[in-house]
Asks: 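One structure, pasted below without further comment.
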Amino acid sequence: MDLLGFSLGAVAAAAVAATHPELVRRLILVGGWAHSTAPRDRFYFETWRKLLDTDRELFKRFSTLTGFGPATLNAFGHQGLAHSLADEWPPPGIGRQIDLGAKVDIRDLLPKITAPTLVIGLAGDNMIPVDGSRQLHAAIPGSRLVEIEDEGHMDWFADPTRLIDLTRAFIDAPDATV
């Protein structure tokens, strides 16, 4: 099967590809990372968790500011941003996701990935900086890295065109290149 993982899903997809190579024909990792051991990573996840535990509105504001790039936020407009604060997000399990994200360290698994792999880095990502994608690429033998300029972590939710085009091209290429 072809497997695509985004964010923490990229971490999970990489782990599956490393531990069960027979299951993965091609692997696409979007906005992922290899470990959360750097000071910035720990500080980010700790801040995110404290905001969730103390003030959900500030949590949503922080997540929006770090999750979307400036151009996407501006495209939402004042009303769109106000509407985003009024929705039911985050889901009840988001705390578990934050806690798990803070503990990520799959560096030992990455060299075991044998599937052709496309790593898509989001160059404007303030939530999971593009360096995480660069680390995945550097550690996965034969992987290919494509960075999408000015793309925030969740910008593709507003316009998935570039991500879809890259994914289709990789999956459809006879030699798994982009």
Side-chain angles (χ1 to χ4, degrees), residues 1-38 40-42 44-45 48-49 63 66-69 72 89-149 151-178:
M1 79 174 137
D2 298 323
L3 184 59
L4 183 147
F6 164 66
S7 192
L8 189 56
V11 173
V16 168
T19 58
H20 296 285
E22 74 282 1
L23 297 177
V24 182
R25 185 182 79 99
R26 296 193 187 180
L27 179 65
I28 302 107
L29 306 174
V30 181
W33 73 104
H35 65 93
S36 301
T37 61
R40 186 265 179 210
D41 302 326
R42 295 244 172 110
Y44 184 87
F45 282 106
W48 212 21
R49 182 62 199 215
S63 298
T66 60
F68 292 100
T72 300
W89 191 88
I94 194 76
R96 291 189 316 269
Q97 182 177 341
I98 293 168
D99 294 343
L100 181 58
K103 297 175 185 173
V104 165
D105 192 347
I106 59 166
R107 291 176 285 188
D108 62 324
L109 294 176
L110 298 175
K112 298 175 184 175
I113 294 174
T114 57
T117 302
L118 173 63
V119 179
I120 301 175
L122 307 173
D125 194 337
N126 291 312
M127 188 173 275
I128 304 295
V130 70
D131 191 53
S133 292
R134 292 174 184 153
Q135 290 173 9
L136 290 171
H137 165 63
I140 299 171
S143 66
R144 173 153 170 89
L145 174 65
V146 174
E147 294 184 18
I148 303 176
E149 290 300 316
E151 187 85 357
H153 195 69
M154 299 185 305
D155 287 0
W156 67 272
F157 284 85
D159 181 5
T161 307
R162 291 185 282 185
L163 184 59
I164 290 169
D165 290 346
L166 286 168
T167 300
R168 281 190 178 144
F170 181 70
I171 289 172
D172 293 342
D175 61 352
T177 61
V178 175

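Positions are given from 1 along the sequence. Keep in mind the model is a prediction, meaning the values are calculated, not measured.
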Asks: How far does CD1 of Ile140 sit from CG of Leu110, to the nearest 0.5 angstrom?
Replies: 5.0 Å

Asks: On a heavy-atom basis, which atom in Ala17 and which in Val24 lie closest, and how many Å separate them?
Replies: CA-CG2, 3.9 Å

Asks: Got a donor-acceptor contact below 3.5 angstrom from the Arg49 side chain to the Gly95 backbone?
Replies: yes

Asks: Quick one, Leu136 and Ser143 - any side-chain contact, counting heavy atoms below 4.5 Å?
Replies: no

Asks: Using the side chain to side chain contact (heavy atoms under 4.5 Å, CB included) rule, take Phe45 and Lys103 through it: C-alpha gap first, then chi angles, then the decisive distance, then the call.
Replies: CA-CA 9 Å; Phe45 282 106; Lys103 297 175 185 173; over 6 Å; no

Asks: With sequence neighbours left out, what residues match Glu147 under salt bridge (Lys or Arg N to Asp or Glu O under 4.0 Å)?
Replies: Arg134

Asks: Hey, does Pro91 have a side-chain heavy atom less than 4.5 Å from the side chain of Gln97?
Replies: no

Asks: Can you name the nearest heavy-atom pair linking Ser133 to Ile120, along with the distance?
Replies: OG-O, 3.5 Å

Asks: With a 3.5 Å distance limit and no angle check, can you tell me whether Thr66 reaches the backbone of Asn126 through a side-chain donor-acceptor pair?
Replies: no

Asks: Could you walk me through whether Asp155 and Leu122 pass side chain to side chain contact (heavy atoms under 4.5 Å, CB included), step by step?
Replies: CA-CA 9 Å; Asp155 287 0; Leu122 307 173; over 6 Å; no

Asks: State, with a plain yes or no, whether a side-chain heavy atom of Val104 is found less than 4.5 Å away from one of Leu8.
Replies: yes

Asks: So do His153 and Phe6 actually touch side chain to side chain, heavy atoms under 4.5 Å?
Replies: yes

Asks: Nearest 0.5 Å, what's the CE-CZ distance between Met1 and Arg25?
Replies: 12.0 Å

Asks: Which pair of heavy atoms, one from Gly101 and one from Trp33, lies closest together, and at what distance?
Replies: O-CZ2, 3.7 Å

Asks: Which atoms form the tightest heavy-atom contact between Ala18 and Pro21, and what is the distance?
Replies: O-CD, 3.9 Å

Asks: Can you find a heavy atom in the side chain of Asp125 that is under 4.5 Å from one in the side chain of Val130?
Replies: no

Asks: With side chains defined as the heavy atoms from C-beta onward, is the minimum distance between Val11 and Leu100 less than 4.5 Å?
Replies: no

Asks: What do you reckon, is CZ of Arg40 surrounded by more than 12 foreign heavy atoms closer than 6.0 Å?
Replies: yes

Asks: Which atom pairs, one a donor and one an acceptor, fall under 3.5 Å between side chains of residues 161-171 and the rest of the protein, sequence neighbours left out?
Replies:
from: Thr161; atom 1: OG1; to: Asp159; atom 2: OD1; distance (Å): 2.6
from: Arg162; atom 1: NH2; to: Glu151; atom 2: OE1; distance (Å): 2.3
from: Thr167; atom 1: OG1; to: Leu163; atom 2: O; distance (Å): 2.8

Asks: Rounded at 0.5 Å granularity, tell me how far CD1 in Ile28 sits from OG1 in Thr117.
Replies: 8.5 Å

Asks: Run the salt-bridge test on Asp105 and Arg107 with the 4.0 Å N-O cut-off and return the result as yes or no.
Replies: yes

Asks: Kindly give the heavy-atom pair with the smallest separation between Ser63 and Met154, and that separation in Å.
Replies: O-CE, 3.9 Å

Asks: Specify the closest pair of heavy atoms between Ala10 and Gly32, including all atoms of both residues, with the distance to one decimal.
Replies: CB-CA, 3.7 Å

